[in-house]
Novice: 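Got a structure for you, written out below as structure tokens; questions coming shortly.
Letters go in sequence order (proteins before strands), and every chain restarts at 1.
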Amino acid sequence: MTERKTLPSAYNPKLVEEKWYRFWEEGGYFRAEVDPAKRSFCIVMPPPNVTGELHMGHALNNTLQDVLTRWRRMQGYTALWLPGTDHAGIATQARVEAMLAKEGLSRFDLGREKFLERVWAWKDKYGHTITMQLRRLGASCDWERERFTMDEGCSEAVKEVFLRLYERGLIYRDNYIVNWCPHCRTVISDIEVEHKETAGHLYYIKYPVKDGQDHVLIATTRPETMLGDTAVAVNPADERYRDFIGKRLILPLAKRELPVITDDYVETEFGTGALKVTPGHDPNDFEIGRRHNLPSVQVIGADGRMTVEAGARYAGLDRWECRKLVVEDLQREGLLVKIEDLSHAVGHCYRCDTVIEPTVSKQWFVRMKPLAEPAIRAVQEKRVVFIPERFEKIYLNWLENIRDWCISRQLWWGHRIPVWHCPDCGESTASRDDVDRCPRCGSERVEQDPDVLDTWFSSALWPFSTLGWPKDTADLSFFYPTSVLVTARDIIFFWVARMIFTALAFMENVPFREVFIHGLVLDALGRKMSKSLGNGVDPIEVIESHGADSLRFMLVTGNTSGNDLRFHFERLDGARNFINKLWNASRFALMNLGEDTGRKDLDGAAYELADRWILSRYRQAVLKTTEHLDLYDLGEAARVLYDFVWDEFCDWYIELTKPRLYRGTPQEAAVARAVLRKVLGGTLKLLHPFVPFVSEEIWHHLEPGAVPLIIQPWPADEPELDDSAAEEEMAVLIDIIRSIRHIRAEMKVPPGRRAAVILIVPEEKARRVFEQNKHYIEELAAGTVSVAGDIAAKPAQAAHAVAAGVEIFVPLGGLIDIKKEQFRLTKELDAVLQELSRVEGKLRNTGFLAKAPEEVVAKERGKQAELTQKREALESRLRMLGQ
RNA sequence: GGGCGAUUAGCUCAGGGGGAGAGCACUUGCCUUACAAGCAAGGGGUCGUAGGUUCAAAUCCUACAUCGCCCACCA
């Protein structure tokens, strides 16, 4: 049990963050034990790449998850936040290959097995970077359950899912046009292709008619692919080409013959209306080729260089060099008619940014239609709810237009496809266990398919593979379906949709009930943070300079309804200042609490107005914070606490306790201390999910020996704290204190100079309230206050104001400048008159009186009365000064 | 070509059918024994444009403009 002691005047996160994280982790506070007596709350972390380092996107994503997890944990749920990392096929393999390259080696020099050993070694050595960084952020994950997409359990789940899909006929292997990345040397799926608007050219080329003088003019953006042309297609309705249909053309350069065919796909409007068909290197041409039984020629190889099929002159050339040469050759032969500029979308690899080459190749696919349908229904029927709702449309639109998913990759690092091919009889065998003999012909020359699965294939199983599936585990039955998925909006397709359809296919239940989508973290100029731009802000550096809590608070308050968040250091400073404010308010409380353990059962009579007020406001903070969290308005919840702590607790309540604490009777001071302790303690609980480190640190000073904040119960509603009378009375007092301060500032009354303020309060009940609480005004507006129903002689040498129905006189002796006072009052009167005419206009409107709700009308009437009284007081004061 | 978001104070952004808000910056005065990463007071906005719905619109609807993002097989 530590004692309360004085704290330094500035909060230093470095002194406490590591300490508390170790305390929590080693104390097992993050551990979630299956307990049927409790409600379960579960978030499965979107696994960052093992190769990764924490970036701002991770920081935001994980802060939001941590806020939810800590909050639910305090609410008494068994809260499991399950962490893990993703093997990230291409990224990791590329990293290790780059390392090998420095040794002058390629992966082929090592061979598959040795290479994979190197990758695992790399993972063991560097794979913890990001999880260590998540700890710095304060992530309260259950690290004892940390998983990896290629660990034994996840791999078993992958194999099981593949086999069951295969057995159901939902996985097939086919020669198909796919997106080939010549740099990564693998196929990638449709969504891994990034389309970028690129400035290019449209080349018009003559294709001569065989045995004739005529020609067909075609237009293409990629002249090098003409070497793989196997037809020219026109629209059947296109009059211009009627006479060419069925004729044969001579493909320039290659000198091959091409038929002229018709296909509805061809647009008469675009280019020349004649389309060169290259089934080997264009998705549309591939389809046309299938419809017309055209041969497909691969002229561009896996390395992006021209193949022998392209002809001796071009074979071996890089595809871009080849384009140049083809254009030159055409020009020389007089077949190039013109070149136009054209801006068009070009596909790039999302990993390495290389231009994708559509290529025909034999790959594995998942048949999507049957899987997509239940996933669409689950969201339509709100079994999975998107927050904000608008992302539902994006999800549905994608699944409704889904195409089959290419799942094989020509990589070594990943889950190997569990299929064995027999070279003797051609049989392919999918199996859970290794196959060493062909089950059909008995050949022992069977070989496992060389490809691995798309990394997203294993991510798709993450919500249940991490909980033990395909085994029937206690975790699975307790935590599944998980509660909510928290993720950035850019992986709805890659990940969210795939988890939903996979879960529905294998768990017969949704993977999570809610999907909480947040935006991207952009730089100050609104650009995506990226390595190539060098505009990224390193969260770890921010944690070093401002502390993890500041970063978290800034990210949470910056995140609004799925919109992107620009990173501004000013905001970070603001968050840091807030935490420092909290720290100092706590110092104040601790200094005054001393060894006092406080009484918790003070009877109501002992409370002053300020106490009743702050307790009532505190209750509102509890209610609002909880409400906003329930609705995933995390930023709004944090803002409620910011305002409560700064504007109400610090600026008013602490100031109002000082007279009692410094000069009050022991009993009075004890009451103030008890309220300080209760409100600060409760507020720390409310703040803990957002700023876990500083709140835990203060908590242990405030309540030495108490259970740590991380598992303190979330503040419940205490209706008995509600005190609307106190709130109204305090609002009036605050209003009057501000008015007096305003006068003093305007009149340049030195801060130390006291003033004898007179308040004229005609109403008797209100007058009693003022009599009782005028010491607040005296303390905070520096002076003495006398309260009267009316006074015969209103002082001339006084500044005047009206607030909350009360006339205020601040006698200033010689300091008063009548002209200046008249000017000030006139300005005030103008504002009152303007507002009054607006209100009266409204009250003259019969439509308003008839249709507006009663309370709105009553409110306007109240305003009218108050403004009228204010006007009269100001006018009379001006008349008096004018005499 | 579709879809989505944004447009509010000098800057960055909340809010959202009935009196325009915050932080930063700015002006003035304060090192007042929790805090100068602070305290007090203040200036500053016809809430992108045009229509519409409504007793009432910054807020809802429709168009448009500008910016940004996503999707899309027109060579």
Side-chain angles (χ1 to χ4, degrees), chain A residues 6-7 9-11 177 190-191 195 202 218-222 225 233 265-267 269-278 282-287 342 344-345 347 358 390-391 393-394 397-398 401 403 489-490 492-493 519-520 522 524 526-528 546 550 557-558 560-566 568 570-571 573-592 635-636 639 642-643 647 650-651 654-655 658 662 738 741-746 748-752 780-782 835 838-839 842 845-853 855-857 859-860 863:
Chain A
T6 319
L7 304 172
S9 72
Y11 173 61
I177 187 107
D190 292 337
I191 51 174
H195 292 97
L202 197 55
I218 63 95
T220 179
T221 54
R222 304 168 61 209
T225 62
Y265 167 78
V266 183
E267 296 274 339
E269 303 300 318
F270 191 90
T272 62
L275 171 70
K276 65 189 261 314
V277 182
T278 322
D282 183 279
N284 298 307
D285 295 8
F286 179 81
E287 296 295 339
L342 180 78
H344 62 136
R390 67 186 143 95
F391 291 104
K393 223 189 280 179
I394 295 173
N397 185 50
W398 187 67
N401 299 294
R403 296 164 68 183
R489 54 144 219 269
D490 58 344
I492 292 177
F493 307 142
L520 274 29
L522 308 176
R527 300 170 305 182
K528 219 166 161 171
H546 288 71
S550 298
T557 50
T560 51
S561 62
N563 295 327
D564 292 344
L565 183 162
R566 289 195 196 193
H568 290 279
E570 294 79 12
R571 293 190 75 132
D573 291 340
R576 192 258 329 263
N577 294 353
F578 171 66
I579 286 159
N580 198 238
K581 188 73 179 173
L582 173 70
W583 178 256
N584 278 294
S586 305
R587 280 180 67 224
F588 172 83
L590 293 169
M591 279 172 175
N592 288 290
E636 204 52 43
R639 252 168 264 131
Y642 181 100
D643 292 343
D647 298 345
C650 292
D651 286 351
I654 283 184
E655 295 307 320
K658 283 179 180 174
Y662 295 162
R738 288 205 166 122
R741 284 171 171 174
H742 176 58
I743 287 171
R744 295 178 57 108
E746 289 261 303
K748 305 224 186 293
V749 181
L780 297 189
E835 181 65 8
R838 196 193 61 80
V839 170
K842 229 172 176 180
N845 182 338
T846 49
F848 174 74
L849 295 173
K851 296 193 178 174
E855 61 271 21
V856 174
V857 177
K859 206 172 149 194
E860 292 298 318
K863 252 187 269 180

Novice: Would you please name every residue forming a side-chain contact (heavy atoms from CB on, under 4.5 Å) with Lys658(A), sequence neighbours left out?
Specialist: Phe588(A), Ile654(A), Glu655(A), Tyr662(A)
Novice: Please list, chain by chain and in numerical order, all residues satisfying side-chain contact (heavy atoms from CB on, under 4.5 Å) with Asn845(A), sequence neighbours excluded.
Specialist: Phe848(A)
Novice: With a non-hydrogen cut-off below 4.0 angstrom, is Arg566(A) in contact with a base, only sugar-phosphate, or nothing?
Specialist: sugar-phosphate
Novice: Set out, line by line, the N/O atom pairs under 3.5 Å between protein and nucleotides 34-37 of chain B.
Specialist:
residue, atom, partner, partner atom, Å
A34(B), OP1, Lys658(A), NZ, 3.3
A34(B), OP1, Tyr662(A), OH, 3.4
A34(B), OP2, Tyr662(A), OH, 2.4
A34(B), O2', Asn584(A), OD1, 2.9
A34(B), O2', Arg587(A), NH1, 2.5
A34(B), N7, Lys658(A), NZ, 3.3
A34(B), N6, Cys650(A), O, 3.3
A34(B), N6, Glu655(A), OE2, 3.1
A34(B), N3, Asn584(A), O, 3.2
A34(B), N3, Ala585(A), N, 3.3
C35(B), O4', Asn584(A), OD1, 2.9
C35(B), O4', Asn584(A), ND2, 3.4
C35(B), O2', Asn584(A), ND2, 3.3
C35(B), O2, Lys581(A), NZ, 2.9
C35(B), N3, Lys581(A), NZ, 2.8
A37(B), O4', Asn577(A), OD1, 3.2
A37(B), N3, Arg576(A), NE, 2.9

Novice: The criterion is side-chain hydrogen bond (donor to acceptor under 3.5 Å, both in side chains); which residues satisfy it with Arg527(A), sequence neighbours excluded?
Specialist: Asp523(A)
Novice: Who are the side-chain hydrogen bond (donor to acceptor under 3.5 Å, both in side chains) partners of Arg741(A), not counting sequence neighbours?
Specialist: none
Novice: Asn577(A): which residues meet the side-chain contact (heavy atoms from CB on, under 4.5 Å) condition with it, sequence neighbours left out?
Specialist: Trp646(A)
Novice: Return the set of residues passing side-chain hydrogen bond (donor to acceptor under 3.5 Å, both in side chains) with Asp564(A) (not counting sequence neighbours), or none when no residue passes.
Specialist: Arg489(A)
Novice: Who pairs with Arg639(A) by side-chain hydrogen bond (donor to acceptor under 3.5 Å, both in side chains), at least two apart in sequence or on another chain?
Specialist: Glu636(A)
Novice: What does the list of N/O pairs under 3.5 Å between the protein and nucleotides 70-75 of chain B look like, with a distance for each?
Specialist:
residue, atom, partner, partner atom, Å
C73(B), OP1, Arg403(A), NH1, 2.9
C73(B), O2', Asn284(A), ND2, 2.5
C73(B), N1, Asn284(A), OD1, 3.1
C73(B), O2, Asn284(A), OD1, 2.5
A75(B), N6, Glu267(A), O, 2.7
A75(B), N6, Phe270(A), O, 2.8
A75(B), N1, Glu267(A), N, 3.3

Novice: For a stem of at least 3 consecutive Watson-Crick or G-U pairs with distances under 3.5 Å, i pairing with j, i+1 with j-1 and so on, which stems involve RNA chain B?
Specialist: B:1-7 with B:65-71, B:10-13 with B:21-24, B:26-30 with B:38-42, B:48-52 with B:60-64
Novice: Got a sec, which residues hit salt bridge (Lys or Arg N to Asp or Glu O under 4.0 Å) with Asp573(A), two or more places apart in sequence or on another chain?
Specialist: Arg576(A)
Novice: Contact class for Lys859(A) vs. all strands (heavy atom < 4.0 Å): base, sugar-phosphate, or nothing?
Specialist: nothing
Novice: Quick test: give all pairs of protein nitrogen or oxygen and nucleotides 42-45 of chain B nitrogen or oxygen below 3.5 Å, distance rounded to 0.1 Å.
Specialist:
residue, atom, partner, partner atom, Å
G42(B), OP1, His742(A), ND1, 3.1

